[in-house]
Every structure is written in structure tokens, then in C-alpha cells.
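Down below is the structure, laid out as C-alpha cells.
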2 protein chains.
Amino acid sequence: MPAKVSDSTIRRLSHYLRILEAMARDGGGTVSSVQLAAAAGTTAAQVRKDLSLFGSFGKRGHGYQVAELADRVREILGLGRDWRVALVGAGRIGSALFEYADFRRRGFHIVAVLDVDPAKIGERWGTLAVEDVASLEAALEREGVEVLIVTVPATEAQAIVDRAVASGVRGILNFAPTQLRTEDGVFVHDVNMVMELEALSFDLTNRIPADVGDTAD
Amino acid sequence: MPAKVSDSTIRRLSHYLRILEAMARDGGGTVSSVQLAAAAGTTAAQVRKDLSLFGSFGKRGHGYQVAELADRVREILGLGRDWRVALVGAGRIGSALFEYADFRRRGFHIVAVLDVDPAKIGERWGTLAVEDVASLEAALEREGVEVLIVTVPATEAQAIVDRAVASGVRGILNFAPTQLRTEDGVFVHDVNMVMELEALSFDLTNRIPADVGDTAD
DNA sequence: AGGTGTGAACACTTTCACAGCA
DNA sequence: TGCTGTGAAAGTGTTCACACCT
């Protein structure tokens, strides 16, 4: 609800939540911003600023109630409900994601799996059958899908996404290494593993610590 | 080599590179910063600023030579060589990554696969055999591994990483949803798919476009 | 004219530092 | 006293606008 919330803040909230849930399992009680920051690898001021964008959840002199704060953060992130998800692309990555327990644990339920490959169509995945991507619209409508996970080749991703958006999907988790174009009000988040490896390659090549011989300017 | 290069710049360079390579396949020639920006979903000024951090690669009035610029960006990112990578965690995600052609195409070669599960140890993966993670150090040294991909459960990730760093690994691509602590000069990049879904959940819950009824402040 | 390279202006994010409540 | 919540300061990243080269 606040006017401006940065992406980094949201990422950190997600991180805080994971930590808070671990703390809750270990007994809970209270945390201070200092403790939470240490666990999340950030600063206490950052933790307080992030939280204060959404309300006053702590008690001065005492810190935050672990269980209660976890509830609040879940609520902020919109995790107080289940999300119906379709998976397009029944390849290796799609299959790994389908089995990924953390998605379900967080309320993201894969309710349809689709592919173009005739060899895959009809395969049983858990309680689902892989469907022909030709009937994407029908599947999305039938299952009331709101979020799409895209693990098809880059060349096919845009067409699939256009059809899904036309069918009412407003959230996309994109694993295809391509820049998706969508209308306003549709949210795309990219997971680009090659990009991360390339960033690592850059770091290893250029960000050598001072003591290894980076004296030249 | 420049003093300060932001992470966002590196991500964009990686993105530019993918676009430039596609353009090179389509015949090459020249690109202007306006064209490259349009393809990458950013601004022309941003493209020029990003590139100018590393040198002057364009010709005023003409733009950039596609093939040459691609070479330069590859060089900047440290992609002018091969990287020897070990994969720890031979589960679903590990297996998907092992098959992921884009890694190899970019020069990231998985030269060892390790797991704790006795049922998996000894399995043949391509030309490799899955090894016992107990002999991690031996495998890393034998293969001259520089980069580790971690797809083990969160609880085991830190111990593995500590051992790998002690064996000389300086780059880590971490799929475990946990905050890894490492010494200076070791670079960790996280791929956190649950976090991306949670960010999507936040967007869908809170960033509703104006016309759908977000008038309240 | 056309399009790069870049200092300067602007916008956004993080950190500081402290008032104020338990 | 202890720790939150938050304006103000500092720091970073992005956009602007134009000099300059071809």
C-alpha cells in the first residue's frame, strides 16, 4: 500500500520471512532488528526501514514478536492465500520445478502442465496429465490460473505469454532467456541462471581482492 | 577494471551480449545504442553509460559494430575462456542444470557431480560418475574446479561451501535458500526461485494498476 | 545529420543519528 | 536502559543534454 516500495525491499522481506519462520520453529520469542539483520546479512537500520514502510510492528525497547512479525510479512507479500499456477514447458527444468516442494509449501500450486512435444503430452505428472499447449487457453480458464511459469525455449516464450495474458494471467515467472514484452498490470519476474554465472565470471575476472595484485588503476 | 561497476550494469551487459549474439547470427552490421536499448528494455543513455565504463567501443555517427562489440562484452565479462564447474547435489534441479545446454555454450563445463545419497553415488551422468561428497576436496583438486554450483538442502549448503572454499573455490552459484557466509574474495550469487515467486505474489497483491481501484492511499 | 561519450542534474536507496516510547 | 521508528544526510544509480567526432 505505501506509494513506493523498491524491489530490493521486497526481496529482503522474503528473506526476513524465511529467517523468521526458522526462528519460530526454534521457539520464537522476540527478535531485535540487529539480530534479524545479522541473520539476513544486512543492517539493523535497513531492517527497520523496510518494515516501517508497512507499519509499526515492533515494541520499543523489546524488538519484534517473531511469530507475529512473520504473519505480518506473509500478509504484506500476499502469501496469506494459495496461488494457482500453470507450468508451460515439461522439460528438465519444468520437471524439477514441478517436484520442488518449497513452491507448494509457500502456497504456489501447479494445477496444469503443458508442452508442445507429442511425446510428452499425456504423460502423468503426479495427479496431472501433461496437456497440449494448443489448449493453453482452455486449461488456464478451467483451472483459474493466475500465475504462469515459463520454461520453454526463448523463441517460443513470447507467443505463449501473449496467449496467457489474453486469457487473464497477470503474473509470470520466466525462465526463458528473453526479454518478455507485456502490457501494463502484468508482472514478469525473470530467473536467468546463465546471467548469474556470467556475473560470477565477471567477479572472478575483475573483482580480484586488493592483495592479489590489483594495484594498477 | 573501472573503480565502481554496479551489479545492474553487469546484468545488463550479460543481456546486451545475448542480444548482440542474436544480431550477429542475423547478419551483424552495426547497432546504435537506441536499437540495443529497445531490444534490452532499457534506455539508450543507459546502454552508452554501461559500455563507456569499459572503453569507447562505438563510432560517433555510426553506432557499434555488432560482432566487435559482442567480443568486447564477452571479454569484459570474463567469458573469453572456459570455466571448470563442480555440481554438488545430484537431485532434480542439479540434474536439470547438468543437462542445461546454455551453460556449456557459454563455457561453463561441469566436470564433477557429487552427492551424499549412496543410491546416487556411482550413477553415470553423461561421461561422469556421481561421486561421494565425502571426497569433495579430492574431486575439486583433481579437476581444477573454480566454480561450484550448490543444489543441496539449505541445512547442508554452508558446510559444503566452507569445504569448497578451503579447497580454493572462489565462485559459487547457490540454489539453496540460505544466506551463505564466505570470506572476502569469494563470490556468491544466489538463484532463489521462491523469492521470485514471492515478489510476484507481492506485485499481484499490491501493485494493482490504477484503473482497478487503487484510489485509497 | 547522426549517434557516441560524458559531466551535471536528478531520482532513488541506504545509512546515520536521535527523539520517543516501553 | 533498550530498541524502535523516522527525518535528514550520504551515497549510488539513472537520466538529461550537449560537446564532439565521422
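Owing to the predicted nature of the structure, the values given are computational and were not obtained by experimental measurement.
A:Tyr64 has no side-chain polar atom (N or O) that falls below the 4.0 Å cut-off from OP1 or OP2 of D:dG2. Close to C:dG3, at under 4.0 Å from its OP1 or OP2, lies no side-chain N or O of B:Ser33. Look at B:Ser32 and you won't find any side-chain N or O under 4.0 angstrom from OP1 or OP2 of C:dG3. For the OP1/OP2 pair of C:dT15 and a distance below 4.0 Å, the side-chain nitrogens and oxygens of A:Thr43 include at least one atom meeting the criterion. OP1 or OP2 of C:dT15 sits under 4.0 Å from a side-chain N or O of A:Gln46.
A salt bridge (Lys or Arg N to Asp or Glu O under 4.0 Å) with B:Arg163 is found for one member of B:Glu156, B:Glu137, B:Glu141 and no other, namely B:Glu137.
A straight line from CG of B:Asp50 to C1' of D:dT12 spans 14 Å, rounded to a whole angstrom. Atom CD in B:Glu68 sits roughly 14 Å away from atom P in C:dT4 (whole-Å rounding). Protein atom CG of A:Asp7 is 16 Å distant from nucleotide atom P of D:dG13, rounded to whole Å. Rounding to whole angstrom units, NZ of residue B:Lys4 and P of D:dA10 are separated by 19 Å. Rounded to whole Å, the distance from CG on A:Leu53 to C1' on D:dG7 is 13 Å. To the nearest angstrom, P of C:dT14 lies 12 Å from CZ of A:Arg11. The CD-C1' distance, from A:Gln65 to D:dT4, rounds to 14 Å in whole Å. Rounded to whole Å, atom C1' of D:dC3 lies 17 Å from atom CZ of A:Phe57.
Within the nucleic acid shown, A:Lys49 comes within 4.0 Å of at least one base atom, counting heavy atoms only.
Annotation for A:Val31 and A:Val66: closest pair CG2-CG2, 3.5 Å, computed over non-hydrogen atoms.
Between A:Phe202 and B:Phe54, the ring-plane angle classifies as perpendicular under the 30° and 60° cut-offs.
Checked for salt-bridge contact, A:Arg84 and A:Glu146 miss the test: no charged N lies under 4.0 Å from a carboxylate O. Using a 4.0 Å cut-off between a side-chain N of Lys or Arg and a carboxylate O of Asp or Glu, B:Arg74 and B:Glu21 qualify as a salt bridge. Using a cut-off of 4.0 Å between Lys/Arg side-chain N and Asp/Glu carboxylate O, B:Glu75 and B:Arg81 are scored as not salt-bridged.
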Output one letter per nucleotide in nucleotides 17-22 of chain D: B when a protein non-hydrogen atom lies under 4.0 Å from the base, S when only the sugar-phosphate is that close, - when neither is. B-BBBS
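Looking only at atom types and distance, the side chain of B:His15 has no donor-acceptor partner in the side chain of A:Asn192 under 3.5 Å away.
Map B:Val31 and A:Ser8 each onto its nearest nucleotide of DNA chain C; the residue landing nearer the 5' end is B:Val31.
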